[in-house]
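First the structure, in the form of structure tokens, and then the observations on it.
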Amino acid sequence: MPLVPPPRPAASPAADIPPTSVLTANQPEWSVGELAGALKRTLEDAFGHVRLRGEISGYRGQHGSGHAYFSLKDGQARIDAVVWKGVFGRLRQKPQEGLEVVATGRITTFAGKSSYQIVVESLEPAGLGAWMALLEERKKQLAAEGLFAPEHKRAIPYLPRVVGVVTSPTGAVIRDILHRLEDRFPRPVLVWPVRVQGDGADEEVAAAIRGFNALGPNSAIPRPDVLIVARGGGSIEDLWAFNEECVVRAAFESGIPLISAVGHETDTTLIDYVSDRRAPTPTGAAEMAVPVRADLIATVADLSARAVGSIGRRVERDRSDLRALARALPSADALLAAKRQRLDLAEARLAPALAAGASRHRARLQLLLDRMARRSPDVALANARARLARIDHRPLTALRNDVQRKGEALSQLGRRLVVARDASLERARALQARRADRLVALSNRLTQAGLRGVERRRDRLEGLAHLLGSLSYRAVLERGYVLVRDAAGLPVRHAAKAAAASRLSLQFADGTVNAVPDGTSDPSVSAKPARRAARSQPASDGASGKRNAPNAAAPTRQGSLFDA
């Protein structure tokens, strides 16, 4: 029933009005709980069950308790709504953000917030709300222009040098982004402060995106490599600035890759469709912008260790292959044995072949002498003179006629040759000019090719020189080892062979020393003490390289080279 205050006493004339304190003292006192209860009973009795039409706003799914909270609104007002857990499971139409519904329920108050609300018992769809209808129409228009096409998406840089953030400087969003960047991979951050809701927020966001793109490479403020447009969660009208056409077009025209992080994971705005990447939350946008520095360091260290190990294994494998090839290489005697044998056989056949050839040539010469004797040159000359006498003057006449004919032919040929010569000279000049041009071009190419070839061969020679230095046995001699050769210059690898040799040559890092073994070897002595003894014992006498002659009074037996 309606709330009616207690009756007041009758009013007296103005001259008799009591003081304000007297009137206040006569009014009844209400406790907060009593007033809230009276208002609740009045509201519930006056309205009871109602059917309310409006657009769902601010719906974020069920609460942890199972209840659902949202608002119903139209163009003039809004009212809070609640669906209890038991009723939510029986609803045929579940709440959806932006959906226009007809809600049936009862009006009540919530004393804890001094607000009134509708407790929903059933929901019926009534169509998309005005906000959602406008959003869908704008989305179709921009999609038809190709602003949401996948081919316009760009890859986010793996490790940007500078990160640009467009958001409110006072909210929790910028702190979350900065903390996440600091934890993953610290990068310089440029914040462009803007309003993220309300009038003028869309123009500020669009101006911030275009402002970051206007920065040049030589400007005082560094140009970001990636942009993050971020805002916390809210209702569709709170996020409407990011559905405005100016913001969408500024994001499409951005030359810097852009990550959108507007609202929570369930919120979707038009900037999410045009951006290069969409993050579910501002923290997720920071994770997309930079990698984890510790993981990157670990990956680089692992790759470095694998590279060192693979190089070592390759060197060891090549060393083993080289040893195997050296063992398989035949000796010089084996290569020359067959050729020596062929030379001996050819030498044995050479003397009989020379004698047979001389005999054949002698017989042929005798045959030619016999034929010359039968056909003497004197006889042939006499016959020729007789024929010449019979011919008399006829050759002279024939010769004149022939000379005349050939002279005429020669004149004609001369005229033709002059014409042909001129044409040939002209062609030769043109050909010579072309060949000269080609020769100049070839000369230039040859010079460049020669320079490149010399450079490649110099690089290869330097590489081979470094490889030779690293594989040479002389580096081993520098560490104190000695190369032992016998009298033939072959390396000696065993003590028994060294003891049996008549003379040894010891090659140190700085020279060679000749030595004579005493003919004995001790297998119990290790190789390392033997080498140490060889290095410590004097090996030469002055510059001559010969050992000191033994004293006449000393024993005739020479000391061992390998004695300690």
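Side chain of E204 to main chain of V194: no donor-acceptor pair is present (N/O by atom type, distance under 3.5 Å, no hydrogens or angles). Between the side chain of R223 and the backbone N or O of N213 there is at least one donor-acceptor pair closer than 3.5 Å. In this structure a side-chain-to-backbone donor-acceptor pair under 3.5 Å is present from K94 to F88. Using a distance-only test at 3.5 Å, with no hydrogens or angles considered, no donor-acceptor pair links the side chain of D267 to the main chain of V262. No donor-acceptor pair closer than 3.5 Å links the side chain of D318 to the backbone N or O of V315. Side chain of D459 to backbone of R456: no donor-acceptor contact under 3.5 angstrom is found. In this structure a side-chain-to-backbone donor-acceptor pair under 3.5 Å is present from H67 to K85. Side-chain N or O atoms of T167 include one that pairs as donor or acceptor with a backbone N or O of A230 at under 3.5 Å. Checking side-chain atoms of K153 against main-chain N and O of S275 turns up a donor-acceptor pair under 3.5 Å. Side-chain atoms of R231 come within 3.5 Å of backbone atoms of G233 as a donor-acceptor pair (strictly under, hydrogens ignored).
Counting heavy atoms from C-beta on, the side chains of V482 and F508 come closer than 4.5 Å. Under the 4.5 Å side-chain criterion, counting only non-hydrogen atoms from C-beta, E244 is in contact with R138. The side-chain heavy atoms of L159 and P291, taken from C-beta on, include a pair separated by under 4.5 Å. Side-chain contact between L296 and F185 is present, with at least one heavy-atom pair separated by less than 4.5 Å. For the pair L270/V247, no side-chain contact is recorded, criterion being any heavy-atom separation below 4.5 Å from C-beta on. Annotation: side chain of P222 is not in contact with side chain of L215 (no heavy-atom distance under 4.5 Å). Counting heavy atoms from C-beta outward, T268 and R278 have side chains that approach closer than 4.5 Å. Proximity of S254 to L227: side-chain heavy atoms (C-beta onward) are separated by under 4.5 Å at one or more points.
Across all their heavy atoms, G146 and F252 have their closest contact at O-CE1, 4.2 Å. In plain terms, the two heavy atoms of P257 and D225 that are nearest each other are CD-O, 3.5 Å. Counting all heavy atoms, side chain and backbone alike, A241 lies closest to D202 at O-CB, 3.6 Å. Minimum heavy-atom separation, P95 to F70: CG-CE2, 4.0 Å. Nearest heavy atom pair, residue I256 against residue D276, reads O-OD2, 4.2 Å. The two atoms that bring A38 and W30 nearest to each other are CB-CZ3, 4.2 Å, heavy atoms only.
Enclosure of atom CG in L442 by more than 12 non-hydrogen atoms of other residues, nucleotides or ligands within 6.0 angstrom is indicated. For NE2 of H63, the number of neighbouring non-hydrogen atoms (other residues, nucleotides, ligands) closer than 6.0 Å is 12 at most. Within a 6.0 Å radius of CD in E29, no more than 12 heavy atoms belonging to other residues, nucleotides or ligands are found. Counting non-hydrogen atoms of neighbouring residues, nucleotides and ligands closer than 6.0 angstrom, the CD atom of E462 exceeds 12 such neighbours. In this structure, R319 places its CZ atom where more than 12 heavy-atom neighbours from other residues, nucleotides or ligands lie under 6.0 Å away. Annotation: R317, atom CZ; neighbour count of heavy atoms from other residues, nucleotides and ligands within 6.0 Å is above 12. Other residues, nucleotides and ligands contribute at most 12 non-hydrogen atoms within 6.0 Å of the NE2 atom of H494. Counting heavy-atom neighbours within 6.0 Å of F148 CZ, excluding the residue itself, gives a total above 12.
Annotation: the span from R184 atom CZ to T283 atom OG1 amounts to 11.0 Å, rounded to 0.5 Å. With rounding to the nearest 0.5 angstrom, the CD1 atom of I177 is 9.0 Å from the OG1 atom of T281. With rounding to the nearest 0.5 angstrom, the CG atom of L72 is 7.5 Å from the CG atom of L123. Between the CZ atom of R493 and the CG atom of L483 there is a distance of 9.0 Å, given to the nearest 0.5 Å. Atom CD in E316 sits 13.0 Å away from atom CZ in R314 (nearest 0.5 Å). If you take OG on S443 and CZ on R438, they are separated by 13.5 Å, rounding to the nearest 0.5 Å.
A salt bridge links E455 with R458: the closest approach of a Lys/Arg side-chain nitrogen to an acidic carboxylate oxygen falls below 4.0 angstrom.
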Original post:
Between E97 and S57, is a side chain to side chain contact (heavy atoms under 4.5 Å, CB included) present by the stated rule, with each step listed?
Top reply: CA-CA 6 Å; E97 178 71 17; S57 175; 4.1 Å; yes
**OP:** Please assess E245 against R249 for the test salt bridge (Lys or Arg N to Asp or Glu O under 4.0 Å), listing each intermediate value before the final yes or no.
**Re:** CA-CA 6 Å; E245 186 174 350; R249 294 191 182 277; 2.8 Å; yes
**OP:** Quick one: do I107 and I79 satisfy side chain to side chain contact (heavy atoms under 4.5 Å, CB included)? Show the steps, please.
**Re:** CA-CA 10 Å; I107 300 297; I79 181 174; 4.2 Å; yes
**OP:** List the steps and the verdict of side chain to side chain contact (heavy atoms under 4.5 Å, CB included) for Y69 and Q117.
**Re:** CA-CA 10 Å; Y69 302 94; Q117 62 188 8; 5.8 Å; no
**OP:** List the steps and the verdict of side chain to side chain contact (heavy atoms under 4.5 Å, CB included) for V196 and F242.
**Re:** CA-CA 8 Å; V196 292; F242 299 93; 4.3 Å; yes
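Residues passing the side-chain contact (heavy atoms from CB on, under 4.5 Å) test with L467, sequence neighbours excluded: S470, L471. With sequence neighbours excluded, the residues that form a side-chain hydrogen bond (donor to acceptor under 3.5 Å, both in side chains) with S168 are T170.
Sorted by first and then second residue, the side chain to side chain donor-acceptor pair (under 3.5 Å) pairs involving residues 292-308 (not counting sequence neighbours) form an empty list.
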